[in-house]
Amino acid sequence: MAELAETKSFASLAKLFLHHPIITMRHVLPNIRLTRRDVKRSEWDKPSTPSDQEQPISMPAVESDQDDVDTLKLLAEAESNMLNRQVVSAAIRRSDANLFGGPTRDSDGFVRLMLRESYHDFVLPGSDERHHVVFEPRLLLHESGVAQIDLVVSAETSLDVRQLLAMMWGAEPLFVRSEMSVPLIQGTSWESLTDFSEGKLDADQPLGVIEHSEPATMQDLLHMHLFAVLRIIKQSYAYWTSYPVAIVGPNPCCSPEEWQINHQEDLIRLTNRSSYTGDVAKHVSLPADLSLSRDHSLFARLGSAIYLHWWGSPPKGIAELDTVLVLEYSLLLYVRLHSLEQDVSRMVSGERRLRARYKEAVRLFSELRQRDLRSGEARDIVRHVLDDHGAPEIRKTIETALSLSASAYSTRSAERAARRSWWITLVATLVGLVVALPPLKDLLSSVPPAQPGEAWPLIPVRWMAAQEFWGPAIALACILIAVTTLWVLGWFWQWRNMRLPSIRRGYKWPTEFTFIDEGSSPAAAGPRRTELVAKLSEEVDRQRK
């Protein structure tokens with residue numbers, strides 16, 4: 001931008017457009033006026049005349065300089081805002097590059113975006129203290145159609161097990177107040193409940209306040225952000241899942257080693273995200289610790305994951321990404337598997353769609369080998385989470401469905417080939433009939449005159465020969481009628497058993513038995529049933545003798 005302001009040349013403008021096309025189109029081009037220097041000279045380069053000296057020649061120059069200053073200031077402010085918004089995105093990209101690699105990253109198979117912020121107050125169970133949190137939603141849109149939204153909730157206070165389980169449960173009513181801008185709640189049921197009377201703005205959009213009559217849940221807020229995204233891209237969703245990840249620091253009541261022994265039951269509840277009420281059964285044990293370090297433990301299960309930091313301060317902010325991105329990758333693979341499973345369950349016989357499914361399945365199965373992961377610990381975490389979600393069984397289902405789809409496609413192709421052969425045979429038969437007309441005419445004309453005592457088949461042949469032009473056509477029609485009649489008779493003979501009454505087969509007991517229902521209760525039917533069984537046994541013995 002400095003080069004453009006100094007040189008004011010088309011080359012510097014093109015260079016700025018190549019590096020920053022959006023900023024150039026929105027803020028620079030509307031304030032630029034192109035002129036030809038060799039044709040139009042500036043009015044201030046002309047020699048002054050007495051009449052010119054009377055004009056206030058300094059004012060336009062001052063206005064032009066002020067416009068340039070305002071434009072540069074506006075551009076600098078826009079650049080600053082954009083850089084501030086991209087700090088988190090840059091950190092995510094750096095962590096992603098350290099953890100992952102491979103064709104998916106090289107081909108840019110997904111995009112990460114930062115959504116609008118929202119502001120919320122929540123109250124933990126058993127406490128009246130309000131905690132304020134600012135949501136900075138992170139969105140991942142994958143080319144397969146999967147969308148991931150990440151929201152971070154922090155509580156800068158000591159938590160008991162009940163409160164921590166409540167924060168890990170997405171359906172727990174926690175949030176009592178929300179501040180959200182119009183694009184996030186537009187078209188939802190919360191729009192009519194929002195108060196915009198304060199006149200606040202957030203990123204140039206009205207910011208409204210929602211006082212929840214009933215506390216909202218984390219799932220409600222996730223769906224609000226998801227609906228905002230779907231409304232923009234004009235899509236809908238068929239399946240969703242919520243996966244909480246808790247990062248917890250040490251408890252000051254005792255040392256980490258003592259805490260793991262004295263509070264083992266609480267540790268089992270946290271790792272399994274089980275109910276706080278009731279005692280834990282004795283046969284329930286801790287799940288596998290997926291961490292390779294002594295300073296923390298990581299437990300990832302089917303419904304949630306928890307990171308327990310035993311020594312020092314737990315990771316916060318950018319440092320959380322090393323754990324969160326790996327779990328995001330696991331869930332992304334699982335949801336893609338689930339989506340492909342639903343897709344292949346709808347049998348298709350089209351070659352193009354079947355080929356696309358095979359291509360997606362091969363690509364997804366290759367990613368199940370964790371080929372994109374660059375860390376051994378991350379591989380174990382992803383494999384463990386996918387196994388808990390049933391990824392191997394889903395893969396077998398997909399393979400079976402693709403095999404059945406291939407068989408159905410082969411059958412369909414064979415049917416089409418048979419139908420095509422039938423039509424080709426029919427056309428060839430019609431052509432043969434047309435071609436056979438002249439030889440038939442010559443054959444009929446060669447029939448000798450009637451002789452006494454001649455065979456009777458020559459009588460109709462001689463009659464068709466007497467018809468001259470229509471004789472060959474009548475002969476072909478007779479042949480077609482005979483073939484059609486034989487085909488119809490064969491069809492009736494093939495399906496004759498379906499038209500005939502069924503014949504009873506097997507052994508018939510010589511004695512008939514009659515059962516009488518004397519009551520629906522077991523007490524009333526018991527003696528009678530015993531008597532019938534005794535009689536039946538006696539009859540069987542008599543028949544054997």
Side-chain angles (χ1 to χ4, degrees), residues 81-117 133-144 146-154 168 222 225 229 241-249 289-301 304-336 364 366-386 389:
N81 292 334
M82 182 174 295
L83 290 176
N84 292 333
R85 294 290 295 175
Q86 296 300 321
V87 168
V88 180
S89 298
I92 294 174
R93 282 186 170 273
R94 180 63 180 269
S95 300
D96 189 279
N98 293 333
L99 290 171
F100 308 100
T104 305
R105 266 63 184 174
D106 297 338
S107 60
D108 293 332
F110 61 91
V111 62
R112 296 185 186 272
L113 302 172
M114 297 295 296
L115 303 183
R116 284 180 172 272
E117 297 178 352
V133 62
V134 179
F135 282 170
E136 297 179 350
R138 295 187 287 111
L139 173 67
L140 184 147
L141 290 176
H142 196 268
E143 60 183 355
S144 62
V146 179
Q148 278 187 341
I149 295 180
D150 293 298
L151 299 179
V152 180
V153 183
S154 300
M168 294 177 64
L222 279 169
H225 291 83
V229 174
T241 183
S242 175
Y243 194 86
V245 179
I247 298 179
V248 187
D289 189 355
L290 304 177
S291 173
L292 299 181
S293 175
R294 287 188 67 251
D295 62 349
H296 71 274
S297 298
L298 177 63
F299 302 94
R301 301 303 303 273
S304 63
I306 184 168
Y307 180 105
L308 297 167
H309 202 83
W310 302 117
W311 286 277
S313 300
K316 187 177 180 181
I318 303 299
E320 298 175 356
L321 297 175
D322 293 337
T323 301
V324 175
L325 290 180
V326 175
L327 296 173
E328 285 182 10
Y329 179 81
S330 307
L331 292 178
L332 181 62
L333 283 179
Y334 164 68
V335 177
R336 289 172 61 192
L364 189 55
S366 64
E367 293 185 23
L368 287 179
R369 300 185 294 104
Q370 291 89 42
R371 63 174 185 179
D372 296 339
L373 293 173
R374 295 178 174 175
S375 172
E377 183 181 13
R379 288 173 177 265
D380 295 336
I381 296 173
V382 172
R383 188 179 298 109
H384 185 82
V385 173
L386 290 177
H389 281 83

Peer 1: If the plane angle is over 60° it's perpendicular, under 30° parallel, otherwise tilted; pick one for H389 and Y243.
Peer 2: tilted
Peer 1: Measuring from L333:CG to Q370:CD, what's the distance to the nearest 0.5 Å?
Peer 2: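 Between L333 CG and Q370 CD, I get 7.5 Å after rounding to 0.5 Å.
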Peer 1: Is a side-chain donor or acceptor of H309 paired with a backbone partner of W311 at a separation under 3.5 angstrom?
Peer 2: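 Looks like yes, one N/O pair under 3.5 Å.
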Peer 1: Nearest heavy-atom pair of A305 and L327: which atoms, and what distance?
Peer 2: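 What the structure gives for the nearest pair is CB-CD1, 3.7 Å.
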Peer 1: Please identify each residue that fulfils side-chain hydrogen bond (donor to acceptor under 3.5 Å, both in side chains) with E377, with sequence neighbours left out.
Peer 2: none
Peer 1: To check you understand the geometry: which heavy-atom pair defines the closest contact between S297 and S291, and what is its length?
Peer 2: CA-CB, 3.9 Å
Peer 1: Indicate the atoms forming the closest heavy-atom contact of P137 with R116, along with that distance.
Peer 2: CD-O, 3.2 Å
Peer 1: So how far is it from L331 CG to L386 CG, rounded to the nearest 0.5 Å?
Peer 2: 8.5 Å
Peer 1: Taking all non-hydrogen atoms of both residues, which atom of R379 and which atom of L373 are closest, and how far apart?
Peer 2: NH2-O, 3.3 Å
Peer 1: Under a 4.5 Å cut-off applied to non-hydrogen side-chain atoms, are H384 and I381 in contact?
Peer 2: no
Peer 1: In Å and rounded to the nearest 0.5 Å, what is the CG to CD1 distance from L222 to I149?
Peer 2: 7.0 Å
Peer 1: Enumerate, atom names and distances included, each donor-acceptor pair closer than 3.5 Å involving a side-chain atom of residues 92-101, sequence neighbours excluded.
Peer 2:
from	atom 1	to	atom 2	distance (Å)
S95	OG	A91	O	3.2
D96	OD1	R105	NE	3.0
D96	OD2	R105	NH2	3.0
D96	OD2	R112	NH2	3.1
N98	ND2	R94	O	3.2

Peer 1: Look only at the side chain of D289 and the backbone of L298, and say whether a donor-acceptor pair between them is shorter than 3.5 Å.
Peer 2: yes
Peer 1: Measure the spacing between CG of L115 and NE2 of H225 and express it to the nearest 0.5 Å.
Peer 2: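 Between L115 CG and H225 NE2, I get 7.0 Å after rounding to 0.5 Å.
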Peer 1: Once you round to the nearest 0.5 Å, how far does CD1 of I306 lie from NE2 of H296?
Peer 2: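 Reported to 0.5 Å precision, the distance equals 12.5 Å.
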Peer 1: For Y329 and E367, which heavy atoms make the closest approach, and how far apart are they?
Peer 2: OH-O, 3.6 Å
Peer 1: Give me each pair satisfying side chain to side chain donor-acceptor pair (under 3.5 Å) with a member in residues 316-327, each pair once, sequence neighbours excluded.
Peer 2: E156-K316
Peer 1: Show your reasoning for whether side-chain contact (heavy atoms from CB on, under 4.5 Å) applies to Q148 and F110.
Peer 2: CA-CA 11 Å; Q148 278 187 341; F110 61 91; over 6 Å; no
Peer 1: Measure across A319 and P315 and return the closest heavy-atom pair with its distance rounded to 0.1 Å.
Peer 2: CB-CB, 3.7 Å
